[in-house]
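In what follows, a single structure is set out as structure tokens and then discussed.
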Amino acid sequence: MTGYNTIARPAMAEHVEKRSRFISLAAPVSTEKDALTLLEQTRSEHREATHNCYAYILRTGSLTRYSDDGEPGGTAGMPILEVIRRRELFDVMVIVTRYFGGTLLGAGGLVRAYSTGASLALDAAEILALHPCILFSLEIPYHNYGKLQNILPGFGIKIVEEDFAEHVRLRLRIRAERLDAFQKELSEMTAGSVAPVVTGETLAPD
């Protein structure tokens, strides 16, 4: 499992080129269904637009799709895709909607306009780095619970779930590369009486 960068939430931008209005949307998507749903929503919102050009890259299967949506071949979808690629983002879709302003931009002008639109939307987005993480559980006596709470932040450990019964049962998440160091400190703190039980893997931000 390897980490990757995506965006946290949708972001928008707008610019004008020779009276043509370009509205750009960057959004996280994880499946083709997500991407197609977003495209239909955008087309519905911008029914009077001349073009809704797009590109997306999905991490699963390294899937890429793009469309010029009626613009001359290679002047819209591919430039948008290249902007996403250069930023090394995955599970991201960018749609650039054009309202024609009456002046032709030419092939070079279109490439610049759609590249600019994609860049502006991604500039407005919050980049989210997802890292390989380990999910694990612990069962710890109450007299050690306070000590445990003190060391968790130093390892960037997130508490997923807590259950206070005879002992404290916890489900936690840690960056994979930090697990060994945490295990060592936990063993020293509890004289080897408590050890994490790995339950799975996931990708998550810090």
Side-chain angles (χ1 to χ4, degrees), residues 1-133 158 160 202-206:
M1 184 179 291
T2 57
Y4 67 99
N5 290 339
T6 185
I7 60 176
R9 60 189 62 85
M12 298 189 70
E14 184 174 334
H15 75 290
V16 175
E17 296 279 349
K18 294 183 178 179
R19 297 197 298 275
S20 278
R21 181 184 174 207
F22 292 86
I23 302 169
S24 308
L25 168 66
V29 293
S30 56
T31 66
E32 277 203 281
K33 182 179 179 180
D34 291 343
L36 294 175
T37 298
L38 181 62
L39 179 61
E40 288 307 309
Q41 290 172 346
T42 302
R43 284 173 171 164
S44 178
E45 183 178 348
H46 297 285
R47 294 184 184 278
E48 304 303 316
T50 320
H51 308 278
N52 288 286
C53 304
Y54 67 86
Y56 58 87
I57 299 178
L58 301 181
R59 181 172 174 271
T60 301
S62 299
L63 182 66
T64 62
R65 294 282 188 271
Y66 61 90
S67 171
D68 297 311
D69 193 33
E71 295 283 28
T75 62
M78 181 58 77
I80 296 170
L81 182 66
E82 285 304 313
V83 172
I84 302 172
R85 277 179 172 160
R86 285 197 302 270
R87 301 195 183 203
E88 299 181 336
L89 298 172
F90 294 89
D91 289 353
V92 170
M93 182 176 198
V94 176
I95 304 172
V96 182
T97 298
R98 182 188 185 191
Y99 286 85
F100 182 56
T103 301
L104 296 175
L105 299 181
L110 288 171
V111 170
R112 286 191 297 274
Y114 282 101
S115 296
T116 297
S119 295
L120 289 173
L122 290 174
D123 286 345
E126 177 188 349
I127 303 302
L128 185 65
L130 298 178
H131 306 279
C133 293
K158 309 300 180 186
V160 179
T202 189
L203 289 164
D206 281 337

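Worth knowing before you read on, the calculation uses all heavy atoms, side chains too, and leaves out hydrogens, waters and symmetry mates.
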Could you tell me which residues satisfy side chain to side chain donor-acceptor pair (under 3.5 Å) with Thr97, sequence neighbours excluded, listed by chain and number? Asn52
Steps toward side chain to side chain contact (heavy atoms under 4.5 Å, CB included) verdict (Val92, Val29): CA-CA 5 Å; Val92 170; Val29 293; 5.9 Å; no
With sequence neighbours left out, the residues meeting side-chain contact (heavy atoms from CB on, under 4.5 Å) with Ala121 are Ser24, Ala26
For Thr37, which residues count as a side-chain contact (heavy atoms from CB on, under 4.5 Å) partner, sequence neighbours excluded? Lys33, Gln41
Output all residues satisfying salt bridge (charged side-chain N to carboxylate O under 4.0 Å, His left out) with Arg85, sequence neighbours left out; order by chain, then residue number. Glu82
Exercise: do Arg98 and Ser20 side chains pair donor with acceptor under 3.5 Å: yes
Contacts of His51 meeting ring pair (Phe, Tyr, Trp, His ring centres under 6.0 Å) (sequence neighbours excluded), chain-then-number -> none
Can you tell me how far OH of Tyr54 sits from CD1 of Ile80, rounded to the nearest 0.5 angstrom? 10.0 Å
Separation between OG1 (Thr75) and CG (Leu110), nearest 0.5 Å, reads 4.5 Å
Find out whether Met93 and Pro28 are in side-chain contact, i.e. whether some heavy atom of one side chain is under 4.5 Å from a heavy atom of the other. no
With Asp68 via side-chain contact (heavy atoms from CB on, under 4.5 Å) - residues at least two apart: Glu71, Ala76
Identify the heavy atoms of Ala113 and Glu17 that sit nearest to each other, and give their distance. CB-CG, 3.9 Å
Under a 3.5 Å distance rule, please check whether Ser67 uses its side chain to pair with a backbone N or O of Gly77 as donor and acceptor. no
Would Arg19 and Thr103 count as a side chain to side chain donor-acceptor pair (under 3.5 Å) if you check the C-alpha gap in whole Å, the side-chain angles of each, and the deciding distance to 0.1 Å? CA-CA 7 Å; Arg19 297 197 298 275; Thr103 301; 3.0 Å; yes
Using side-chain heavy atoms (C-beta onward) and a distance below 4.5 Å, is Ser115 in contact with Val111? yes
Which atoms form the tightest heavy-atom contact between Leu38 and Ala27, and what is the distance? CD2-CB, 3.6 Å
Partners meeting side-chain contact (heavy atoms from CB on, under 4.5 Å) with Val16 (sequence neighbours left out): none
Who are the side chain to side chain donor-acceptor pair (under 3.5 Å) partners of Tyr56, not counting sequence neighbours? Glu32
For Ile7 and Ala125, which heavy atoms make the closest approach, and how far apart are they? CG2-CB, 3.8 Å
Do Leu58 and Ser30 touch side chain to side chain, with heavy atoms closer than 4.5 Å? no
For Arg112, what residues pass the side chain to side chain donor-acceptor pair (under 3.5 Å) criterion, not counting sequence neighbours? none
Determine whether Leu89 and Leu122 make a side-chain contact, defined as any pair of heavy atoms from C-beta on separated by less than 4.5 Å. yes
Partners meeting salt bridge (charged side-chain N to carboxylate O under 4.0 Å, His left out) with Asp34 (sequence neighbours left out): none
So how far is it from Ile84 CD1 to Ser119 OG, rounded to the nearest 0.5 Å? 10.0 Å
Which residue pairs satisfy the side chain to side chain donor-acceptor pair (under 3.5 Å) criterion with at least one member in residues 4-14, sequence neighbours excluded? Tyr4-Asp91, Arg9-Glu126, Glu14-Arg21
Residues Gly3 and Leu203: closest non-hydrogen pair is CA-CD2, 4.0 Å
Salt bridge (Lys or Arg N to Asp or Glu O under 4.0 Å) pairs touching residues 38-49, sequence neighbours excluded, are Glu40-Arg43
Looking at Phe22 versus Tyr99, is the centre-to-centre ring distance below 6.0 Å? no
Check whether any side-chain heavy atom of Ile95 sits under 4.5 Å from a side-chain heavy atom of Cys53, and report yes or no. no
Ile57 side, atom CD1; Arg87 side, atom CZ - distance, nearest 0.5 Å: 12.0 Å
Heavy-atom side-chain contact between Val96 and Thr116 under 4.5 Å: no
